[in-house]
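A short write-up of the structure that comes next.
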Amino acid sequence: MTSLLLRIAAPCLAVLILGSACRREEPIVPSTSTGVTDASAGPVRGFFLLNEGNMGSNKASLDYFDYSTGVYTRNIYAERNPGVVKELGDVGNDLGIYGSKLYAVVNCSHFVEVMDRRTARHIAQISVPNCRYIVFDRGYAYVSSYAGPVRTDPNARLGYVAKIDTATLQVVDTCTVGYQPEEMAVAGDKLYVANSGGYRVPDYDRTVSVIDLKRFEQTKQIDVEVNLHRMEADRYGQIWVSSRGDYFGTPSRTFVIDSRTDEVIDRFDLLPCSDMTLCGDSLYVCSAEWDYTQQSSTTGYAIVDVAARRVVSRRLITDGTDTAIAVPYGIAVHPATREILVTDAGDYVTPGTLYCFGTDGRLEWSAETGDIPSRILFTQTPLEPLE
C-alpha cells in the first residue's frame with residue numbers, strides 16, 4: 001500500500017522536499033452554487049452528495065445542498081482543501097457521518113478520506129486497499145475491502161473488513177470474509193457483509209458473511225444468490241440484501257435474512273436493484289441494470305413495506321419525469337418530509353443530474369451534479385461557509 005501511494009506521489013516528491021506545494025501545478029476548480037428551490041427549516045440542515053467520477057480520471061467530487069438557503073453547490077472539496085494533492089481521489093464509492101467527522105470511501109485511490117463534517121476540511125486519509133463501503137458501530141468504522149488490485153482475476157483473493165478506531169483513525173483489526181465484499185449492515189452484535197465475487201466472473205460469490213462484532217470473527221456464511229451488492233437492516237431484525245444476478249440467465253433479486261436465525265426467509269423479484277434506501281418502514285429501490293442477453297437496460301422504481309414484506313408501489317415518479325432519467329443510479333429519502341432524491345448518471349462521462357420529487361411523485365427541483373452522482377447523506381449540522 002505504501003509503495004502504491006509513493007508511486008502516486010512520486011512526481012511531486014522533489015517539489016515537496018523543496019517546501020513548495022505540488023498542488024500549485026493543479027488548477028483548483030472553484031465550486032459553483034445555484035439556487036434550486038425555496039429555503040426550508042427543520043432538523044435536517046442539508047445533505048452531501050458524493051460523485052464517483054470516471055475510473056482513472058481522478059474526478060471524485062463532493063457537492064452540498066443547504067436547506068436553509070435552497071442553494072445547491074458543486075465541487076466543495078477542492079477549494080476547501082487547496083493543499084490536498086489529487087483532491088478527493090479516484091472513484092468516490094461511499095459516504096458516512098459519525099460523530100464530528102465525514103468519511104468518504106475512495107475506491108481506486110485505496111483510502112478513506114476523513115473530513116470535518118462542519119467544514120469538509122481534510123483531517124486524515126486511512127489506507128484501505130480497494131475499499132468499498134463503510135458502516136459504524138460503537139466507536140468503530142467498518143470498511144469492506146476487495147483486498148487485491150483493481151482488476152478482474154479468476155484467482156482474486158478473499159476480501160476483508162477493516163475495523164477502524166474513530167478516535168485514533170487507525171486500522172486496529174481486519175476480518176477475512178468472502179470474495180469482493182460490498183455493502184454491510186449491523187444488527188445487534190453482528191455485522192452482515194454482502195460478498196459479490198465480481199472479480200471472479202463468472203464464478204461469483206453467493207454468500208453473506210456474518211461477523212461477531214465482539215470477537216471480530218466471521219462465524220458463518222449464509223448462502224443467498226450470486227453477485228450480492230446492496231444491504232439494509234430494518235428495525236424488525238431483517239437484513240435486506242440485493243443480488244445483481246449474472247446479467248444473463250440469473251436475474252437480479254432482493255432477499256430477506258432473519259438476523260435471529262441467519263436464514264433467508266423471503267425473496268422479491270422486484271426489479272434489478274441499483275440502489276436502495278430505508279426510511280421508516282419503507283424500502284425505496286431504483287433500478288438501472290444491463291442485460292447482455294437482451295442487449296438492453298432495465299430501469300424502474302419500487303417501494304416495499306418491510307414490516308409486511310410486500311411491494312406497495314412500483315411508481316415513485318408520477319409526472320413523467322422518469323422518461324428523462326437515463327440511468328437512475330442513487331436514491332435517498334428525506335427522513336422528515338419524505339421527499340425522494342434520485343440521481344441520474346447519464347452517460348457516465350459528463351455531469352449528472354439530481355432530481356427531487358415530492359411525496360406525490362412530482363418534480364420539485366433538479367440540479368446539475370458532478371460525474372456519476374451516487375451517495376447522498378443527510379446532515380443535521382450545517383456546512384460552514386468558506387472563510
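Quick note: residue numbers are just sequence positions, from 1.
- A salt bridge (Lys or Arg N to Asp or Glu O under 4.0 Å) with Arg244 is found for one member of Glu183, Glu225, Glu182 and no other, namely Glu182.
- Between the side chains of Gln180 and Ser196, no donor-acceptor pair of N or O atoms lies under 3.5 Å.
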Side chain to side chain donor-acceptor pair (under 3.5 Å) between Thr207 and Asn195, intermediate numbers included: CA-CA 6 Å; Thr207 64; Asn195 300 310; 3.1 Å; yes
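- The two atoms that bring Asn58 and Ser109 nearest to each other are OD1-OG, 4.4 Å, heavy atoms only.
- Tyr103 pairs with exactly one of Tyr142, Phe48, Phe136 by the ring pair (Phe, Tyr, Trp, His ring centres under 6.0 Å) rule, that one being Phe136.
- Tracing side-chain contacts under 4.5 Å through hydrophobic residues (I, L, V, M, F, W, Y), one never reaches Tyr247 starting from Leu228; they form parts of separate clusters.
- Of the inter-residue distances, the one linking Glu339 atom CD with Thr359 atom OG1 reads 8.5 Å to the nearest 0.5 angstrom.
- For Asp203, the salt bridge (Lys or Arg N to Asp or Glu O under 4.0 Å) partners two or more places apart in sequence, or in a different chain, are Arg200.
- Annotation: side chain of Lys220 is not in contact with side chain of Ser209 (no heavy-atom distance under 4.5 Å).
- Residues that satisfy the ring pair (Phe, Tyr, Trp, His ring centres under 6.0 Å) test with Tyr199, not counting sequence neighbours, are Tyr146.
- Residues Val306 and Tyr236 meet the side-chain proximity criterion, which asks for heavy atoms closer than 4.5 Å.
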Side-chain donor-acceptor distances from residues 350-357 under 3.5 Å, at least two apart:
| residue | atom | partner | partner atom | Å |
| --- | --- | --- | --- | --- |
| Thr350 | OG1 | Asp347 | OD1 | 2.7 |
| Thr350 | OG1 | Asp347 | OD2 | 3.1 |

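- For the pair Ser374 (side chain) and Gly330 (backbone), a donor-acceptor distance under 3.5 Å is absent.
- Side-chain contact between Leu49 and Asn51 is present, with heavy atoms from C-beta onward closer than 4.5 Å.
- The stretch residues 360-387 participates, sequence neighbours left out, in these ring pair (Phe, Tyr, Trp, His ring centres under 6.0 Å) pairs: Phe47-Phe378, Phe65-Trp365, His334-Phe378.
- For the atom pair His110 NE2 and Ser127 OG, the distance stands at 10.0 Å (nearest 0.5 Å).
- Note on Arg74 versus Glu368: salt bridge recorded, some NZ/NE/NH1/NH2 to OD/OE distance being below 4.0 Å.
- Among residue pairs with one or both ends in residues 27-46, those qualifying as side-chain hydrogen bond (donor to acceptor under 3.5 Å, both in side chains) are Ser31-Glu79, Ser33-Thr73; sequence neighbours excluded.
- Take Tyr204 and apply the ring pair (Phe, Tyr, Trp, His ring centres under 6.0 Å) test, not counting sequence neighbours, and it matches no residue.
- Partners of Tyr284 by ring pair (Phe, Tyr, Trp, His ring centres under 6.0 Å), not counting sequence neighbours: none found.
- Linking ILVMFWY residues whenever their side-chain heavy atoms come closer than 4.5 Å, directly or via other members, leaves Ile222 and Val256 in distinct clusters.
- In this structure the side chain of Val208 reaches within 4.5 angstrom of the side chain of Ile257, judged on heavy atoms.
- Scored by the salt bridge (Lys or Arg N to Asp or Glu O under 4.0 Å) test, Lys190 finds Asp262 as partners (sequence neighbours excluded).
- Annotation: salt bridge (Lys or Arg N to Asp or Glu O under 4.0 Å) contacts involving residues 306-333, sequence neighbours excluded, comprise Asp266-Arg309.
- Legend: side-chain hydrogen bond (donor to acceptor under 3.5 Å, both in side chains) pairs involving residues 92-101, not counting sequence neighbours, sorted by first then second residue: Asp94-Arg375.
- At a threshold of 4.5 Å between non-hydrogen side-chain atoms, the residues Arg121 and Asn81 count as touching.
- Of all non-hydrogen atoms in Ser243 and Ser252, the two that sit nearest each other are O-OG, 2.6 Å.
- With a 4.5 Å cut-off on side-chain heavy atoms, Lys59 and Asn54 count as touching.
- The CD1 atom of Ile340 sits 8.0 Å away from the CD1 atom of Ile317 when rounded to the nearest 0.5 Å.
- Follow the hydrophobic side-chain contacts under 4.5 Å out from Val172 and you reach Val186 in the same cluster.
- Side chains of Glu113 and Tyr77: a donor on one and an acceptor on the other come within 3.5 Å.
- Annotation: ring pair (Phe, Tyr, Trp, His ring centres under 6.0 Å) contacts of Phe268 (sequence neighbours excluded): Trp240.
- The side-chain heavy atoms of Leu341 and Val333, taken from C-beta on, include no pair separated by under 4.5 Å.
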side-chain contact (heavy atoms from CB on, under 4.5 Å) between Arg206 and Asp223, intermediate numbers included: CA-CA 6 Å; Arg206 50 179 298 123; Asp223 183 71; 2.6 Å; yes
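- There is no side-chain donor-acceptor pair under 3.5 Å between Asp63 and Thr369.
- Here Asp258 pairs with Arg260 in a salt bridge; the nearest charged N to carboxylate O distance falls below 4.0 Å.
- Proximity of a side-chain donor or acceptor of Tyr329 to a complementary backbone N or O of Ala288 within less than 3.5 Å is not detected.
- Side-chain contact annotation: Arg80 with Thr119, donor-acceptor N/O pair under 3.5 Å absent.
- With sequence neighbours left out, the side chain to side chain donor-acceptor pair (under 3.5 Å) criterion links Arg138 to Asp189.
- Between Leu316 and Ile303 the shortest side-chain heavy-atom distance falls below 4.5 Å.
- Scanning both residues, Val241 and Ala194, for their nearest heavy atoms gives CG2-CB, 4.1 Å.
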Test side-chain contact (heavy atoms from CB on, under 4.5 Å) applied to Val44 and Tyr67, step by step: CA-CA 8 Å; Val44 176; Tyr67 279 106; 3.9 Å; yes
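- Here Thr254 contributes atom OG1 and Asp269 contributes atom CG; the two are 9.0 Å apart, rounded to the nearest 0.5 Å.
- Annotation for Gly370 and Ser61: closest pair CA-OG, 4.2 Å, computed over non-hydrogen atoms.
- Taken to the nearest 0.5 Å, the CD1 atom of Ile76 stands 8.5 Å off from the OH atom of Tyr64.
- The two residues Ala39 and Ser68 make their nearest non-hydrogen contact at CB-O, 3.0 Å.
- Under a hydrophobic clustering in which Ile, Leu, Val, Met, Phe, Trp and Tyr are joined whenever their side-chain heavy atoms come within less than 4.5 Å, directly or via other members, Tyr140 and Val161 fall into the same cluster.
- Leu377 CG to Leu102 CG: the interatomic distance, rounded to the nearest 0.5 Å, is 6.5 Å.
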Stepwise side-chain contact (heavy atoms from CB on, under 4.5 Å) check, Thr176 with Thr174: CA-CA 7 Å; Thr176 300; Thr174 61; 5.9 Å; no
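- Hydrophobic clustering of Ile, Leu, Val, Met, Phe, Trp and Tyr side chains at less than 4.5 Å, counting indirect connections, unites Leu88 with Leu383.
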Worked verdict on Val143 versus Ile164 for side-chain contact (heavy atoms from CB on, under 4.5 Å): CA-CA 8 Å; Val143 178; Ile164 298 168; 3.7 Å; yes
